[in-house]
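Step one of this worksheet: look at the structure below.
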Amino acid sequence: MKKLIRCIAFSTVVLFAAVGSVALAQDKIAPARLLPPRQQTTGPLPPTPSSSARQTPPEPPHESISATAPHIPNRPEKLKYPPLKYEPPNPADYRTVLKSGTVAYVVPDHELPLINIRILVHTGDYVVPKGKEGLAALTGYLLSHGGTKSMTAEQLEERLAFLAAGLSVDCGDTSATINLNLLSKDVDEGFKILREVLTEPRFQDDKITLAKDQTMQGIRQRNDESSNIEGRERGFLAFGEDFWVNRYSTAASIESLTKGDFQEFHRKWFHPDNFVIAVNGDFDRDTMVSQLNLFLRDWPFTGPKPPEIPTDTHFAKPGIYVVDKDVNQGRVAMMLPGIQRDDPDYYAVIVMNDVLGGGGFTSHIMNRVRSDEGLAYSAGSSFPGGIYYPLTFTAGFQSKSRTVPYAISIVEGEMKQMTEHPITDAELNTSKRSYIDRFPRTFATKTQVATTFAFDEFTGRYAKDPHYWHNFRDNIDKVSKDDVQRVAKRFLHLDKLVVLIVGQKDEIMKGHPDHDITLAKLSNAVVTELPLRDPLTMKPIMKGSN
């Protein structure tokens with residue numbers, strides 16, 4: 001034990017001696033390390049002053065910020081900024097009509113060695129025959145995942161991975177979108193692959209089976225989340241039970257789909273007459289136009305132009321509609337008939353909705369429902385302009401079951417106030433400046449430039465109003481307080497209000513003991529229970545049925 005103690009003591013002494021030596025060595029070489037590069041030398045070092053001789057230079061006399069910079073305001077709201085000077089890109093500068101007649105927006109961007117190709121296709125769910133619901137979405141998936149004439153699905157996937165390229169085809173309600181992004185050095189091969197995908201798809205059998213199985217799995221889970229239930233029932237109430245948007249895929253429709261269905265749908269709609277193209281990236285513009293012409297040349301098939309998109313919507317009768325679902329919060333959507341984007345009042349509606357509920361924490365609904373009452377984490381409204389048919393005004397939130405009626409009454413009160421009282425000058429200015437000042441973000445990237453203009457071409461906006469983006473800020477700036485109140489009176493009619501609630505019906509009907517508000521005391525007191533729908537058939541499940 002004594003030997004061990006002596007060993008430890010000796011080790012401690014050696015350790016302290018080593019530390020002292022290192023510190024001394026560092027102190028000796030420190031001046032050389034601190035010298036600027038031009039002063040460093042390999043010769044003898046200058047003598048190091050002792051610590052007693054070292055002196056800290058005196059601090060300069062303190063000067064207040066106001067004395068050195070009297071122009072800086074003492075309050076943030078007093079800051080003044082020069083006017084924002086920004087002009088949006090001109091779509092005509094990028095628009096070109098290819099030899100096939102297809103319109104393309106070609107936007108060079110040499111910042112990164114990448115190219116993004118997007119093709120918009122006039123097709124979608126609205127052209128799918130009844131009984132074949134799900135055909136459009138599965139055709140899109142199989143085009144990008146089902147192989148080609150010369151490559152199996154696995155070989156296609158492997159080749160795209162080798163090129164670090166991304167390929168997707170998505171079919172929605174009124175359009176399909178084809179996306180290909182890849183390195184600019186591989187663009188020739190990329191166009192070759194894309195051409196084969198769109199003209200000679202394999203529709204590999206095992207991929208068809210897989211896609212149908214995955215779709216069926218999603219169908220079975222339709223009623224698992226209250227958000228999915230709300231979204232579906234909102235569509236039925238807003239547009240009508242028989243409107244084409246509300247034709248959902250079923251177990252029967254998915255089971256009926258065959259390879260022949262996919263082949264027919266593809267050849268009928270995926271041809272250059274139905275294309276609008278957006279391409280941006282690292283390329284020479286003239287060279288890219290030539291490549292696009294080569295890509296579309298001698299397309300092996302053609303097809304009909306798509307029919308007009310149906311617009312025969314039917315808004316539900318005013319009232320309160322409840323879907324009984326055992327969840328801890330009630331989901332609420334309060335809807336009114338809406339507007340199309342080419343309506344003369346569109347800009348005033350944008351500002352009105354922003355003040356009412358679209359502007360986040362500056363909006364009336366968020367301030368009252370969340371900030372003042374603490375009834376919901378998020379609350380607000382949306383009022384989009386429909387492209388082909390009017391969409392709806394929708395105010396929404398989630399709240400505890402017992403506080404749902406009270407929260408609805410607050411939103412109704414804010415809607416009524418918008419019609420009866422003008423907004424303040426500050427609210428008007430905040431809303432308009434938010435749209436005007438963030439406007440440049442619409443074209444922040446070349447991808448946004450190309451896709452925004454291509455979408456306008458696709459939906460007909462460019463043909464109707466080629467200067468839409470150039471005039472957007474002026475049209476917003478023209479909106480007055482009187483305009484806001486006028487459109488509020490035009491659209492916010494509480495006697496037409498449709499309220500959808502998904503949650504625990506019995507608890508919601510009770511109301512909250514601290515507030516003398518129940519569903520029966522709201523503007524439209526007629527309460528209708530909507531049954532859940534069978535996820536496999538989308539038919540209502542009547543209570544008591546097996």
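Atom set for the values below is all heavy atoms of this structure, side chains included, hydrogens, waters and symmetry mates excluded. Just so you know, residue 1 is the first one in the sequence shown, and it goes up from there.
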To the nearest 0.5 Å, what is the distance between OG on Ser100 and CG on Leu292? 9.0 Å

Under 3.5 Å, side chain of Asn475 to main-chain N/O of Asn471, donor-acceptor pair present? yes

Could you go through the side-chain contact (heavy atoms from CB on, under 4.5 Å) check for Met288 and Gln291 one step at a time? CA-CA 5 Å; Met288 176 54 65; Gln291 289 174 312; 3.5 Å; yes

Output field: ring centroids Tyr462/His467 closer than 6.0 Å: no

Taking side chain to side chain donor-acceptor pair (under 3.5 Å) as the definition, give me every residue that meets it alongside Ser399, ordered by chain and number, with sequence neighbours left out. Thr403

Rounded to the nearest 0.5 Å, how far apart are CG of Asp273 and OG1 of Thr302? 4.5 Å

Any salt bridge (charged side-chain N to carboxylate O under 4.0 Å, His left out) involving residues 212-222? Give me the pairs, sequence neighbours left out, ordered by first then second residue. none

Nearest 0.5 Å, what's the CG-CG distance between Asp109 and Asn116? 9.0 Å

Rounded to the nearest 0.5 Å, how far does CD1 of Ile501 lie from CD1 of Ile320? 6.0 Å

Minimum heavy-atom distance Pro300-Arg267, with the two atoms named: O-NH2, 4.1 Å

Using a strict threshold of under 4.0 Å (side-chain N to carboxylate O), is an ion pair present between Asp261 and Lys132? yes

Quick check against the 3.5 Å criterion: does Ser253 have a side-chain atom that pairs as donor or acceptor with the backbone of Thr250? yes

Using only heavy-atom distances, determine whether the side chains of Arg95 and Asn90 contain a donor-acceptor pair under 3.5 Å. no

When Ile219, Leu257, Val128 are each screened for side chain to side chain contact (heavy atoms under 4.5 Å, CB included) with Ser249, the one that passes is Ile219

Please list all pairs passing the salt bridge (charged side-chain N to carboxylate O under 4.0 Å, His left out) test where one or both residues lie in residues 437-446, with sequence neighbours left out. Arg433-Asp437

Could you work out, with salt bridge (Lys or Arg N to Asp or Glu O under 4.0 Å) as the rule, every residue matching Arg370, not counting sequence neighbours? none

Can you confirm whether or not the ring centre of Phe295 sits under 6.0 Å from the ring centre of Phe275? no

By salt bridge (Lys or Arg N to Asp or Glu O under 4.0 Å) - contacts of Asp93 (at least two apart): none

Spell out, as yes or no, whether a donor-acceptor pair under 3.5 Å connects the side chain of Thr139 to the backbone of Leu135. yes

Can any side-chain N or O of Ser175 pair as donor or acceptor with the backbone N or O of Cys171 at less than 3.5 Å? no

Please check if any side-chain donor atom of Thr445 sits under 3.5 Å from a side-chain acceptor atom of Gln448, or the reverse. yes

Give the C-alpha distance, both sets of side-chain angles, the deciding distance and a yes or no for side-chain contact (heavy atoms from CB on, under 4.5 Å) between Glu427 and Val484. CA-CA 11 Å; Glu427 288 174 328; Val484 170; over 6 Å; no

Does Asp342 have any salt bridge (Lys or Arg N to Asp or Glu O under 4.0 Å) partners at least two apart in sequence or in another chain, and if so, which? Lys464

Enumerate the salt bridge (charged side-chain N to carboxylate O under 4.0 Å, His left out) contacts for residues 304-326, please, sequence neighbours excluded, ordered by first and then second residue. none

Donor-acceptor pair, side chain of Asn274 and main chain of Trp269, under 3.5 angstrom: yes

So do the side chains of Ile119 and Thr177 get within less than 4.5 Å of each other, counting heavy atoms only? no

Exam field: side chain Arg202 to backbone Gly146, donor-acceptor pair closer than 3.5 Å: no

Can you list the residues that meet the salt bridge (Lys or Arg N to Asp or Glu O under 4.0 Å) rule with Arg533, with sequence neighbours excluded? Glu233, Glu241

Validation row, ring centre Trp469 to ring centre Phe443 under 6.0 Å: yes

Mind listing the side-chain donor-acceptor pairs of residues 382-398 below 3.5 Å, one per line with the distance, residues two or more places apart or on another chain?
{"from": "Thr392", "atom 1": "OG1", "to": "Thr394", "atom 2": "OG1", "distance (Å)": "3.2"}
{"from": "Gln398", "atom 1": "OE1", "to": "Arg331", "atom 2": "NH1", "distance (Å)": "3.4"}

Quick one: pull up CG in Asp298 and OG1 in Thr199 and give me the separation to the nearest 0.5 Å. 11.5 Å

For Asp483, the side chain to side chain donor-acceptor pair (under 3.5 Å) test, sequence neighbours excluded, returns Ser480, Arg486

Would the distance check show the side chain of Thr102 and the main-chain N or O of Leu98 forming a donor-acceptor pair, the cut-off being under 3.5 Å? no

Does His122 have any ring pair (Phe, Tyr, Trp, His ring centres under 6.0 Å) partners at least two apart in sequence or in another chain, and if so, which? Phe458

Between Asn293 (side chain) and Lys99 (backbone), is there a donor-acceptor pair under 3.5 Å? yes

Do side-chain atoms of His145 reach the backbone of Tyr141 as a donor and acceptor pair under 3.5 angstrom? yes

Distance, nearest 0.5 Å, that separates CG of Leu120 from CD1 of Ile178: 8.5 Å

Quick one: salt bridge (charged side-chain N to carboxylate O under 4.0 Å, His left out) pairs with a partner in residues 489-505, sequence neighbours left out? Asp343-Arg490, Asp345-Arg490, Lys505-Glu529

Under 3.5 Å donor-acceptor, Asn353 side chain and Val349 backbone: no

